[in-house]
Number of protein chains: 2
Amino acid sequence: MKKNLVKNNIRQLRFMKHEMTQQQLADRVGVTRQTIVAIEKEKYSPSLELAFLIAQVFELPLEEIFSFHPQGTDSSQATSLEEEGK
Amino acid sequence: MKKNLVKNNIRQLRFMKHEMTQQQLADRVGVTRQTIVAIEKEKYSPSLELAFLIAQVFELPLEEIFSFHPQGTDSSQATSLEEEGK
DNA sequence: CTCCAATGTAAAAAATATTTGACACGAAGT
DNA sequence: ACTTCGTGTCAAATATTTTTTACATTGGAG
């Protein structure tokens with residue numbers, strides 16, 4: 001029930017900068033190839049740790065690989081104040 | 001079985017810059033207070049999405065709030081190997 | 001002192017991320 | 001044709017994150 005709002009360019013980076021296969025990247029960050037596939041296809045977003053590890057491999061700041069795309073105009077909260085008493 | 005290698009200064013930020021309570025922060029990023037508590041106490045690291053949301057609230061780059069501290073002698077790769085056969 | 005807001009803790013359930021073990025497909029290479 | 005490699009997919013199992021509920025503590029306000 002949760003959309004994945006995080007995008008990434010792992011696939012491109014894998015080819016461009018550092019020529020490496022899904023399996024190699026997976027090995028370097030210590031996860032399975034499945035995980036890399038899922039993240040590349042954005043089936044879900046990685047854990048913060050994994051994101052850091054990947055950024056480390058590509059020698060790039062995390063935010064240059066992963067980007068957050070809040071809903072349209074994320075207006076969910078901002079205006080809510082009276083959520084006290086339960 | 002996985003240590004939390006990610007640290008953060010949410011607590012400090014909550015007080016300093018933007019004066020807000022755990023509950024308020026939780027509301028703004030759309031999670032429960034429990035989650036904030038757990039993350040502040042570093043019982044585990046947040047999802048990448050939540051990390052992005054928090055960074056957004058504090059108007060700071062994600063990496064200024066969360067930092068990655070690889071294990072003491074991690075160095076598991078660096079000296080890449082050829083891992084094939086499976 | 002009493003009340004309440006803010007924080008800490010805990011445990012079970014729900015949700016999400018990751019693993020494991022297949023199997024399929026196309027592009028090379030032999 | 002056969003084999004290998006890189007990729008995509010699927011499903012079930014395990015791990016990790018998040019929710020829900022509930023209760024304890026501390027400090028300030030009244």
Side-chain angles (χ1 to χ4, degrees), chain A residues 1-55 57 62 65-66 68-69 71 76-77 80-86, chain B residues 1-16 18-55 57 62 65-66 68-69 71 76 80-86:
Chain A
M1 276 240 136
K2 196 163 217 175
K3 278 187 186 172
N4 180 12
L5 306 170
V6 179
K7 305 208 163 149
N8 71 77
N9 10 29
I10 295 183
R11 179 164 263 269
Q12 293 81 325
L13 288 171
R14 241 176 65 241
F15 289 125
M16 320 256 239
K17 300 248 176 189
H18 319 245
E19 177 93 24
M20 56 167 54
T21 147
Q22 295 179 329
Q23 184 65 65
Q24 294 175 314
L25 175 55
D27 287 340
R28 294 204 53 182
V29 298
V31 299
T32 61
R33 184 174 68 85
Q34 267 314 316
T35 303
I36 301 299
V37 174
I39 293 173
E40 271 190 13
K41 303 241 113 187
E42 283 162 6
K43 294 191 74 180
Y44 50 71
S45 38
S47 65
L48 186 51
E49 287 203 19
L50 182 45
F52 268 118
L53 282 166
I54 292 174
V57 166
L62 192 153
I65 303 180
F66 302 94
F68 186 51
H69 297 266
Q71 219 51 299
S76 34
Q77 45 277 90
S80 66
L81 276 306
E82 13 279 299
E83 282 316 340
E84 323 296 280
K86 276 305 212 31
Chain B
M1 290 245 136
K2 196 162 220 177
K3 279 186 186 174
N4 180 12
L5 307 169
V6 179
K7 303 206 167 153
N8 70 78
N9 13 25
I10 295 183
R11 179 162 262 270
Q12 294 82 327
L13 288 170
R14 240 177 67 240
F15 289 126
M16 320 255 243
H18 319 244
E19 177 93 25
M20 56 167 53
T21 151
Q22 295 179 328
Q23 185 65 63
Q24 294 175 315
L25 175 55
D27 287 342
R28 293 203 55 181
V29 298
V31 299
T32 62
R33 185 175 66 85
Q34 267 314 315
T35 303
I36 301 299
V37 173
I39 293 172
E40 271 190 11
K41 303 240 112 185
E42 283 163 5
K43 294 192 73 182
Y44 51 70
S45 38
S47 66
L48 185 51
E49 288 203 18
L50 182 46
F52 268 119
L53 281 167
I54 292 174
V57 166
L62 192 154
I65 302 179
F66 302 94
F68 186 51
H69 295 266
Q71 207 51 300
S76 34
S80 77
L81 304 308
E82 357 282 297
E83 291 313 342
E84 0 274 275
K86 262 320 287 302

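Every chain is numbered from 1, with letters handed out A, B, ... down the list of sequences.
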- Applying side chain to side chain contact (heavy atoms under 4.5 Å, CB included), run through B:Tyr44 and B:Val6 and close with a yes or a no. CA-CA 8 Å; B:Tyr44 51 70; B:Val6 179; over 6 Å; no
- Task: Kindly indicate, with the supporting measurements, whether the criterion side chain to side chain contact (heavy atoms under 4.5 Å, CB included) is fulfilled by B:Leu50 and B:Ile39.
- Result: CA-CA 10 Å; B:Leu50 182 46; B:Ile39 293 172; 3.6 Å; yes
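At whole-Å resolution of the value, CD in A:Gln23 and P in D:dG8 are 13 Å apart. Counting to the nearest Å, the P atom of D:dA15 and the CG atom of A:Leu48 are 21 Å from each other. Atom CD in B:Glu19 sits roughly 17 Å away from atom P in C:dA5 (whole-Å rounding). Protein atom CG of A:Asp27 is 14 Å distant from nucleotide atom P of D:dC5, rounded to whole Å. Regarding A:Glu42, its CD atom lies at a distance of 17 Å from the P atom of D:dT7, rounded to whole Å. Rounding to whole angstrom units, OH of residue A:Tyr44 and P of D:dG8 are separated by 14 Å. Spacing between atom NZ of B:Lys3 and atom P of D:dT16 amounts to 13 Å, rounded to whole angstrom units. Between the P atom of D:dT9 and the CD atom of A:Gln22 lies a distance of 10 Å, rounded to the nearest Å.
Residue-level contact check: B:Lys43 touches neither bases nor backbone, having no heavy atom under 4.0 Å from any strand. Among the heavy atoms of the strands lying under 4.0 Å from B:Val31 are primed sugar atoms or P, OP1, OP2 only; no base atom is included. Residue B:Thr21 is in sugar-phosphate contact alone, with no base atom involved, counting any heavy-atom pair closer than 4.0 Å across all strands shown.
When the side-chain nitrogen and oxygen atoms of A:Thr35 are compared with OP1 and OP2 of C:dA17, none of them lie within a distance under 4.0 Å. Listed pair A:Thr32 / C:dT19 meets the phosphate criterion, a side-chain N or O lying under 4.0 Å from OP1 or OP2. Using a 4.0 Å cut-off, some side-chain N or O of B:Arg14 falls inside it from OP1 or OP2 of C:dT7. Distances shown here put a side-chain N or O of B:Ser47 below 4.0 Å from the OP1 or OP2 atom of D:dT18. Contact between the side-chain N/O atoms of A:Arg11 and the OP1/OP2 oxygens of D:dG8 is found at a separation under 4.0 Å.
Just one of B:Leu48, B:Ile54, B:Leu53 meets the side chain to side chain contact (heavy atoms under 4.5 Å, CB included) condition when paired with B:Leu62; it is B:Leu48. Partner of A:Arg14 under the side chain to side chain donor-acceptor pair (under 3.5 Å) criterion, out of A:Glu40, A:Gln24, A:Glu19: A:Glu40 alone.
Of the two residues contacting DNA chain D, namely A:Glu49 and A:Lys41, the nearest-nucleotide position lying further toward the 5' end is that of A:Lys41.
On a pure distance criterion of 3.5 Å, a polar donor-acceptor pair joins the side chain of A:Gln34 and the base of D:dT9.
Between D:dT7, D:dT19, D:dA22, one nucleotide has an atom nearer to the side chain of B:Arg33 than all others, and that is D:dA22.
Taking CD from A:Glu49 and NZ from B:Lys3, the interatomic distance works out to 11.5 Å, rounded to the nearest 0.5 Å.
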